[in-house]
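To find a chain, count down the sequence lines: A is the first, B the second, and so on, and within it residues start at 1. Side chains are part of it too, since the values below use all heavy atoms of this structure and drop only hydrogens, waters and symmetry mates.
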Amino acid sequence: MRVATWNVNSLNARLERVLEWLAANGPDVLLVQETKLRDEAFPSSAFADLGYEGAHVGQGQWNGVAVVSRVGLDEVVRGLSDGEARLVGATCGGLRVYSCYVPNGRALDDPHYAYKLAWLEELRGLLAARDRSVPVLIGGDFNVAPADRDVWDPGALEGMTHVSGPERRALEALEATGLVDAVRCVHPDEPCFTWWDYRGGAFHRGWGMRIDLVYLDAALAPRVRAAYVDRDARKGTKPSDHAPVVVELDL
DNA sequence: ATGTCCCAACTTTTGGGA
């Protein structure tokens, strides 16, 4: 089973690249974030042409998440209590998957930061109460770099969101429900950045962060055959500012 | 310190968000 997660920064702007990537890489499940679409505008037929069905939770201008699967799509759940389109769950081929788009936080003294921490805590509650008889995978844009090795220059980010103690502790609390970071199972020390700012030539300078993560049920850790970032997808014409993260599991 | 991209709208330019 191959599962990928990708913040596409507008599925409308990125549709051609996403379809090309799906055809070339053949994931069984793709978790999508920042579709920026209303549900009525979700391009179901374009995915169907490639053999995929999709479950989308959208709100229009901002946010928007989806699960796209070619191995079944059942028991869809939508959102947390905040009413924003930031979480969708589904059961695909015996795996319980979630696509999540964690609030950005904006700045440590911004109300959005408190909202981010509350959102992560509600997500932790959902995961803590999960059905333990079905293996779970949650992937998405967590807008938190778990450790200093996940950013290009920790010193440059002091006092900013994405690296603060409370955000990192919130991720650790998610893991403590019985999850492992799939990429770190295979690549414990490499940076494995997933996001580079569009500005300032950040991609070519190597100024990136690892904020797109895949957490797996700890029981699946021995089943991870590969886990990697498709950095090439950040190159070329009209890229997203995020690259996909791919996890291959022997189920 | 911010050089880009994407969206909406009192739309051909600006403001919000990332």
Point to revise | P-based separation of B:dC10 from B:dG16 [nearest Å] | key: 14 Å
Revision key, fill the gap. Residue pair A:Gly200/A:Asn7 against DNA chain B: nearer the 5' end by closest nucleotide is A:Gly200
Review point. Can a side chain N or O of A:Arg199 be found less than 4.0 Å away from OP1 or OP2 on B:dA1?
Key: no
**Study point:** Nearest-angstrom distance, P atom, B:dC5 to B:dA1
**Key:** 23 Å
Study note, to complete from the structure: A:Arg205 atom CZ is separated from B:dT4 atom P, nearest whole Å, by 13 Å
Practice item. Grab the CG-P distance between A:Asp212 and B:dA18 for me, whole Å please. Key: 15 Å
Review point. How far does the P atom of B:dT2 sit from the matching atom of B:dC7, given to the nearest Å?
Key: 26 Å
Exercise for review: Calculate the interatomic distance between A:Asn143 atom CG and B:dA18 atom P; express it in whole Å.
Suggested key: 8 Å
Practice item. Indicate, with a heavy-atom threshold strictly under 4.0 Å, whether A:Tyr101 touches base, sugar-phosphate, or nothing. Key: sugar-phosphate
Review point. Is there a donor-acceptor contact under 3.5 Å linking the side chains of A:Tyr101 and A:Glu84?
Key: no
**Study point:** Whole-angstrom distance between B:dT11 and B:dC6, as gauged at atom P
**Key:** 22 Å
Review point. Taking for each residue the nucleotide of DNA chain B bearing the nearest heavy atom, is the 5' side occupied by A:Gly201 or by A:Asp141?
Key: A:Gly201
Exercise for review: Can you tell me, in whole Å, how much space there is between the P of B:dG3 and that of B:dA8?
Suggested key: 24 Å
Exercise for review: Specify the separation, in whole Å, of atom CG of A:Asp241 and atom C1' of B:dT2.
Suggested key: 14 Å
Study note, to complete from the structure: Which of A:Arg132, A:Arg130, A:Arg96 passes salt bridge (charged side-chain N to carboxylate O under 4.0 Å, His left out) with A:Asp217? It is A:Arg130
Check your understanding: Rounded to whole angstroms, how far apart are NE2 on A:His242 and P on B:dA18?
Key -> 11 Å
Give each protein N/O atom lying under 3.5 Å from an N/O atom of nucleotides 6-8 of chain B, with the pair distance.
residue, atom, partner, partner atom, Å
B:dC6, OP1, A:Arg14, NH1, 2.8
B:dC6, OP1, A:Arg14, NH2, 3.1
B:dC6, O3', A:Ser10, OG, 3.4
B:dC7, OP1, A:Ser10, OG, 2.5
B:dA8, O4', A:Gln61, NE2, 3.4

Check your understanding: Over how many whole Å does the gap from A:Trp195 atom CH2 to B:dC5 atom P extend?
Key -> 14 Å
Review point. Of all heavy-atom pairs between A:Leu73 and A:Ala55, which one has the smallest distance, and what is that distance?
Key: CD2-N, 3.5 Å
Review point. For residues A:His112 and A:Asn104, is any side-chain donor paired with an opposing acceptor at under 3.5 Å?
Key: no
Practice item. Could you tell me whether A:Arg234 sits above the aromatic face of A:Phe203, with NZ or CZ closer than 6.0 angstrom to the six-membered ring centre and within 45 degrees of the axis? Key: yes
Point to revise | Electrostatic pair A:Asp28-A:Arg70, nearest N-O below 4.0 angstrom | key: yes
Exercise for review: Return the value, rounded to whole Å, for the distance between atom CD of A:Glu34 and atom C1' of B:dG17.
Suggested key: 9 Å
Practice item. Figure out the CD/C1' separation between A:Glu158 and B:dA1, and round it to whole Å. Key: 17 Å
Check your understanding: Between A:Ser10 and A:Asn12, is a side-chain hydrogen bond (donor to acceptor under 3.5 Å, both in side chains) present by the stated rule, with each step listed?
Key -> CA-CA 5 Å; A:Ser10 168; A:Asn12 190 45; 5.2 Å; no
